There are 2 protein chains.
Amino acid sequence: MYELFFREFNKKIALTPEEQDLIKKYLTPKKLRKKQYLLQEGDVCKFVAFVEKGALRQYSLDESGNERIIQFALEGWTISDLYSFLTGETATYHIDALEDSELVLISKSAHEELLQKVAKYETYTRLKITGAYIAMQKRLTSIISSSLEERYSSFITLYPDIVQRVPQHMIASYMGLQPETLSRIRRRISSR
Amino acid sequence: MYELFFREFNKKIALTPEEQDLIKKYLTPKKLRKKQYLLQEGDVCKFVAFVEKGALRQYSLDESGNERIIQFALEGWTISDLYSFLTGETATYHIDALEDSELVLISKSAHEELLQKVAKYETYTRLKITGAYIAMQKRLTSIISSSLEERYSSFITLYPDIVQRVPQHMIASYMGLQPETLSRIRRRISSR
DNA sequence: AAAAAACGTTGACTTTGGTCAACGCTTTTG
DNA sequence: CAAAAGCGTTGACCAAAGTCAACGTTTTTT
């Protein structure tokens, strides 16, 4: 239990067995069936979720009610509505499961106590968010400066596992496109 | 000297005078004239820069050589090519000054020593990057789910100071648009 | 096993943003 | 102070993405 979580943690900073045991006390396992919600827009986000197994997505609804996916999370990724989690404001995103999934939850109070009691937890958190920031900045850069063909091509080389496991229209949504448009981009790419 | 820097720092976590003096030893002031580079693509980014006064921009060049602005930084903001700074890889962004500016620089070695010696510096860093992450996620969400009119309208309410101080074609670049397109969007908005 | 839902593709047409050129105005430079 | 560069706007035209409808296939549900 929590194997992947601690494997990832130790990749960022090595923990002693004692620290690991202490941290374990603050973790809650949770299973989610495909299509179940972890978070719905309007609720307050009560936890950060680490994906041990499965796949989730985070999305908002535009004014026409279309789903706009802003993040996927496969094994080893962390997902949450950070703004809602940290401020206690109501969430602006939905999070649901794309496959049956196993999560490790960290509640707000657990998060706060861990920050106080385990210095390495703060470091872990800092490194994790820094990595997420850098990745998102790259995504943003490619959105404002690359062609759709390039964006899709780098997506499939960067996230081949997502391409395998997630329906194409969701990848279109992630790219801010209509499914038909992504289909045509794929044709253009393959006919070269 | 460093007034704004410490004002912002203390907003996130309060420092004792001693801590403040200690941190000061690791800071380097730097003045930059309008149009001067702080960082050029291909160099390694050697520092994180806090803006005491002035305005900067971070951008990359697309394949046609157009500037694509991914971030502005006014007083109180921090700017850097984080990926290059942290990994030592060569930078993919340019950073230059839009106005004569005064910066506070933190070098790589200063950053690392501060993380070790001053626990609150790690907290400051974590909070700062978390805020930047949340802001960027909101920007990304609006890019993939809002109309251009909405995006520009929220930009001017969110960053009225940038609208005042930065030429319009740079705001277009920040939004991933041509200057002509932004000009037309403005006309559409004002004619309502 | 049958019915329903979800998915990806294609075609025809519309809407939107990009491109190129021109112009007037303001700011910067020499 | 004069010349040059930078800036924002507009018009005409072009290219790209969105929309709507239809279809065959696959997956899920019952």
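Every chain is numbered from 1, with letters handed out A, B, ... down the list of sequences. Side chains included, hydrogens not; waters and symmetry mates left out as well; all remaining heavy atoms used. None of these values were measured; they are calculated from a predicted model.
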Using a cut-off of strictly less than 4.0 Å, decide whether A:His169 has a side-chain nitrogen or oxygen near OP1 or OP2 of C:dA6. no
Quiz question: going by heavy-atom distance under 3.5 Å, is there a donor-acceptor pair between the base of D:dC20 and the side chain of A:Glu180? yes
Ignoring hydrogens and geometry beyond distance, is a side-chain donor-acceptor pair present between A:Glu113 and A:Tyr26 at under 3.5 Å? yes
Partner of B:Asp96 under salt bridge (Lys or Arg N to Asp or Glu O under 4.0 Å), chosen from B:Lys35, B:Arg33, B:Arg57: B:Arg57
What is the distance, rounded to the nearest whole Å, between atom CD of B:Gln178 and atom P of D:dA16? 14 Å
Using atom CG of A:Leu182 as one end and atom P of D:dT19 as the other, report the distance to the nearest whole Å. 15 Å
Quick one: A:Ile189 CD1 to D:dA16 P, roughly how many Å, whole number? 14 Å
Residues which pass side chain to side chain contact (heavy atoms under 4.5 Å, CB included) with B:Lys34, listed by chain and number, not counting sequence neighbours: B:Asp100
Looking at A:Gln168, does any N or O in its side chain come under 4.0 Å of the phosphate oxygens OP1/OP2 on C:dT9? yes
Rounded to whole angstroms, how far apart are CZ on A:Arg186 and P on C:dC7? 15 Å
Would you call the rings of B:His111 and B:Phe85 parallel, tilted or perpendicular, taking 30° and 60° as the class edges? perpendicular
Would you indicate what B:Pro179 reaches in the nucleic acid, counting non-hydrogen atoms under 4.0 angstrom: base, sugar-phosphate, or nothing? nothing
Just the rounded figure in Å: distance from P of C:dT15 to CD1 of B:Ile185. 18 Å
Among C:dG18, D:dA17, C:dC7, the one nearest B:Thr181 by side-chain distance: C:dG18
Is there a side-chain contact between A:Lys34 and the phosphate of D:dT28, meaning an N or O under 4.0 Å from OP1 or OP2? yes
Is there, by distance only and without an angle test, a donor paired with an acceptor across the side chain of B:Arg184 and the base of D:dG11 below 3.5 Å? yes
If you check every side-chain atom of B:Leu177, which of D:dT9, C:dG18, D:dG18 has the closest atom? C:dG18
If you take the centroid of each ring, where Trp contributes its six-membered ring, are B:Tyr83 and B:Tyr93 closer together than 6.0 Å? no
Rounded to the nearest Å, what distance is computed from the CG atom of residue B:Leu98 to the P atom of nucleotide C:dT28? 13 Å
Looking at B:Arg151, I'd like to know whether one of its side-chain N or O atoms comes within less than 4.0 Å of OP1 or OP2 on C:dG17. no
What is the distance, to the nearest angstrom, from the CG atom on B:Leu148 to the C1' atom on D:dA17? 12 Å
From the list C:dG8, D:dG11, C:dG11, which nucleotide is the closest neighbour of the side chain of A:Arg187? C:dG11
Would you indicate, yes or no, if C:dT10 has its OP1 or OP2 atom less than 4.0 angstrom from a side-chain nitrogen or oxygen of A:Arg188? no
May I have the distance from B:Arg165 (atom CZ) to D:dC7 (atom P), rounded to whole angstrom? 16 Å
Does A:Ser183 make a side-chain N or O approach to OP1 or OP2 of C:dT9 shorter than 4.0 Å? yes
